[in-house]
Amino acid sequence: MYEILAPSPDGQVLLRPLDSSGQRTGPDTTVVPSELPALVARRESAHKPRWVWRKAADWYPRLLATGVPLLRCHDLTLCGTVLTHSAYTAAFTSSLPDADSATDPSGILPPAGPPKGQGSLFDEGESVQGPSADELEAELVAQLGAISASDHPGRLRLLCAADSAGALIAAEMQAAGMPWDAVAHEALLADQLGPRPRGFERPARLEEKASELRDRLGAPQLNPDSPQELMRALHRAGIEARTTRAWELREFRHPAIPPLLEYKKLARLFAANGWAWLDSWVRDGRFRPEYVVAGVVTGRWASRGGGALQIPKQVRSAARALPGHKLVVADASQLEPRVLAALARDDAMAAAAQDADLYAGIAAAGFGGDRAKAKVALLGAIYGATTGESGRLMPQLARLYPRAVAFVEQAARDGERGLTVTTHLGRSSPPPSERWQRLQRSTSAEEQRRADAASRDRGRFTRNFVVQGTAAEWAECWLAELRLRLRRLAGHGLRAELVYFLHDEVMIHAQEEAAAACVEAVQEAATAAKRLLFGDAPVQFPVSIAVVDSYDQAK
DNA sequence: GTCAGGTGCGCG
DNA sequence: AAAGCGCGCACCTGAC
């Protein structure tokens, strides 16, 4: 059921079949790299092994480029990271070099940069380096043993499977790319910024706003991109702002404020998602960011290049389905509070969450129907708000849902004391830094004050970690279950591919005829994910789904 | 010239 | 320091 894929010393590639406990079940096979795709394709269609590799990036992008999608894998680096830190596994340490550093395996990966044409094939040199098959086999056996001996083998098995599926999906989504209409994007830029500037000057509309701003501040030399210059100019004009943030400037009534806010908005569009962004990141009608599975401490995905997880609403109209296709965009409604209800086994909160609108349900149960209050209170509990309206509402929330509130409070207390906390499936938070621990031992009054502040900061982090991290687990399982269903649809001639994933949101690019089936698949996957994590606990995870032509039409 | 750190703003 | 969590990226700034 397992099949190791590893470089062999002679520059060839070695395949080694193992059973479910990691025992060898047959002889090794060695092939030259150019014959690997055909061999892997044969093994895949024969018995769909779980491919074992150091990391998906070693093999999968190039297998995909030669048209060999795989069903499942065990990514030793991702699983090694989880198991090395998990509180469920007492004393496991991965022997792989980048598995015990919390996240970023940088230094090994090539530096971030625009996508390098679709992966060179195996026979063009650039062979995979790294641990041998023997070393990978030993690591696999150690990981499987650590899981079996852990406090929660089922949960850790699921987490490893989810991260591993994530590794496959990340590569598949990068290969597919999000359909991006560069012409529509350019039209939108021209509309808001003016024609594309030739050299390095500002676009016309941006320059207009800048000179209007200079006039109204009486600062003819001002560079509005310099916070220091801008701050001085604002003060000279009698605007006593403490920062140059847009939300703060909005409070002042002065003729310079409107052009300044417009300048900031347009400057952001120009710098972050302007013509340079299009040139760097959009090729052949696709936006192809690199996804980094579990790149965030909590287990959320990160991305490298192109700001893939921060596509502003402003430009989403350029993400367009091809003719004859639709975008199926789905997001999990109020995922984090629902996860909290399940984690804390707070049946009262789960009951309120039967409502498709969780905040409305909670408002009806205890906030006099005031949805805004219920939302602020709940988010405050998850994020650790202590002051303001949210802090004041906490006692009320604690009376309504003592179990849920006690659960996040416990996570906060643990963090403040320097303990680690752990998600439902077993991802543990990093231990406090050396610096943090030293600060806690300090004695002077001033240092004590700073130590208390650092302690509270860490409490807010661990409080949020358990909820955000478990939500990321639900979302990754949802994504993996969805992928399985889309593969099944493909078997019936309905083509649909995952093209985007953003924490609690997915996008499918589907043939029009497949859209309805995709909607059903998204629903079923959400139900399946809930069952995988929380069994038959009485908590609902509704998803809202839109079938649209462009991303801006969703929501 | 390069680099780290701060600021600001986009997303969930 | 927007009320609180998690990020990536562009740009400016001061240090080297």
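Residue numbers start from 1 in every chain, and the chains themselves are labelled A, B, ... in the order their sequence lines are given, proteins ahead of strands.
Across all strands, A:R316 comes closer than 4.0 Å only to sugar-phosphate atoms, never to a base (heavy-atom distances). Residue contacts for A:R268: at a heavy-atom cut-off of 4.0 Å it reaches a base atom on one of the strands shown. Residue contacts shown for A:R242 include a base, since a base heavy atom lies under 4.0 Å away. Contact annotation for A:G307: backbone-only contact, meaning every heavy-atom pair under 4.0 Å involves sugar-phosphate atoms and none involves a base. Within 4.0 Å (heavy atoms only), A:V376 reaches at least one base atom of the nucleic acid. Across all strands shown, A:T386 has no heavy atoms under 4.0 Å from either base or sugar-phosphate atoms. The residue A:A267 sits apart from the nucleic acid: no heavy atom pair falls under 4.0 Å. Among the protein residues, A:I382 comes within range of no part of the nucleic acid, since none of its heavy atoms lies under 4.0 Å from any strand. Residue contacts for A:R245: at a heavy-atom cut-off of 4.0 Å it reaches the sugar-phosphate backbone alone, with no base atom in range.
Remark: C1' of C:dG6 and CD of A:E476 are 16 Å apart, rounded to the nearest angstrom. Atoms CH2 (A:W247) and C1' (C:dG4) sit 14 Å apart, rounded to a whole Å. Rounded to whole angstrom, the span from the NE2 atom of A:H503 across to the C1' atom of C:dC7 amounts to 6 Å. A straight line from OH of A:Y291 to P of C:dG8 spans 14 Å, rounded to a whole angstrom. Distance, A:L397 CG to C:dA3 C1': 15 Å, rounded to whole Å. Taking atom CG of residue A:D457 and atom C1' of nucleotide C:dG6, one finds them 14 Å apart after rounding to whole Å. Atom C1' of nucleotide C:dG6 and atom CZ of A:R427 are separated by 13 Å, given to the nearest angstrom. Nucleotide C:dC11 holds its P atom 8 Å from the CG atom of A:D225, rounded to whole Å.
Between A:N223 and the phosphate of C:dC12, there is a side-chain N or O to OP1/OP2 separation shorter than 4.0 Å. For C:dT13, one of the phosphate oxygens OP1 or OP2 lies less than 4.0 angstrom from a side-chain nitrogen or oxygen of A:S226. Here A:Q228 reaches the OP1 or OP2 of C:dG14: one of its side-chain N or O atoms lies under 4.0 Å away.
Taking the nucleotide of DNA chain C with the nearest heavy atom to each of A:T243 and A:R300, the more 5' of the two is matched to A:T243.
In this structure, A:H185 has its ring center under 6.0 Å from that of A:W277. The aromatic ring centroids of A:H509 and A:Y500 lie 6.0 Å or more from each other.
Salt-bridge annotation for A:D452 and A:R449: absent, with no side-chain N of the basic residue lying under 4.0 Å from a carboxylate O of the acidic one. Salt bridge status for A:R463 with A:E416: absent, with no side-chain N to carboxylate O gap under 4.0 Å. A salt bridge does not link A:K375 with A:E389: none of the charged nitrogens is closer than 4.0 Å to a carboxylate oxygen. Salt bridge A:R320/A:D549: absent, no basic N to carboxylate O contact under 4.0 Å. Salt bridge present: A:E212 and A:R216 bring a charged side-chain N and a carboxylate O closer than 4.0 Å. Electrostatic pairing of A:R483 and A:E172 counts as a salt bridge here, judged by a charged N lying under 4.0 Å from a carboxylate O.
Counting only heavy atoms from C-beta on, A:V297 has its side chain closest to C:dG6 among C:dA3, C:dC5, C:dG6. Nearest nucleotide to the A:Q310 side chain, out of C:dG4, C:dA10, C:dG8: C:dG8.
Side-chain atoms of A:Y263 and A:R202 include a donor-acceptor pair closer than 3.5 Å.
Spacing between C:dA1 and B:dT7 at atom P, rounded to whole Å, works out to 10 Å.
The glycosidic torsion of C:dG4 lies within 90° of 0, which places this base in the syn conformation.
Reading DNA chain B from its 5' end, the first and the last nucleotide to sit under 4.0 Å from a heavy atom of chain A are B:dG8 to B:dG12.
In this structure, A:R458 is positioned above the aromatic face of A:W436, its NZ or CZ under 6.0 Å from the six-membered ring centre and within 45° of the axis.
Stacking annotation: A:Y383 is not stacked on the base of C:dA3 (requires ring centroids less than 5.5 angstrom apart and an interplanar angle below 30 degrees).
Overall, the helix from B:dG1-C:dC16 to B:dG12-C:dC5 carries an axis bend of 0° between its ends, with five pairs at each end and the value rounded to 10°.
More than 12 heavy-atom neighbours from other residues, nucleotides or ligands sit within 6.0 angstrom of CD on A:E446.
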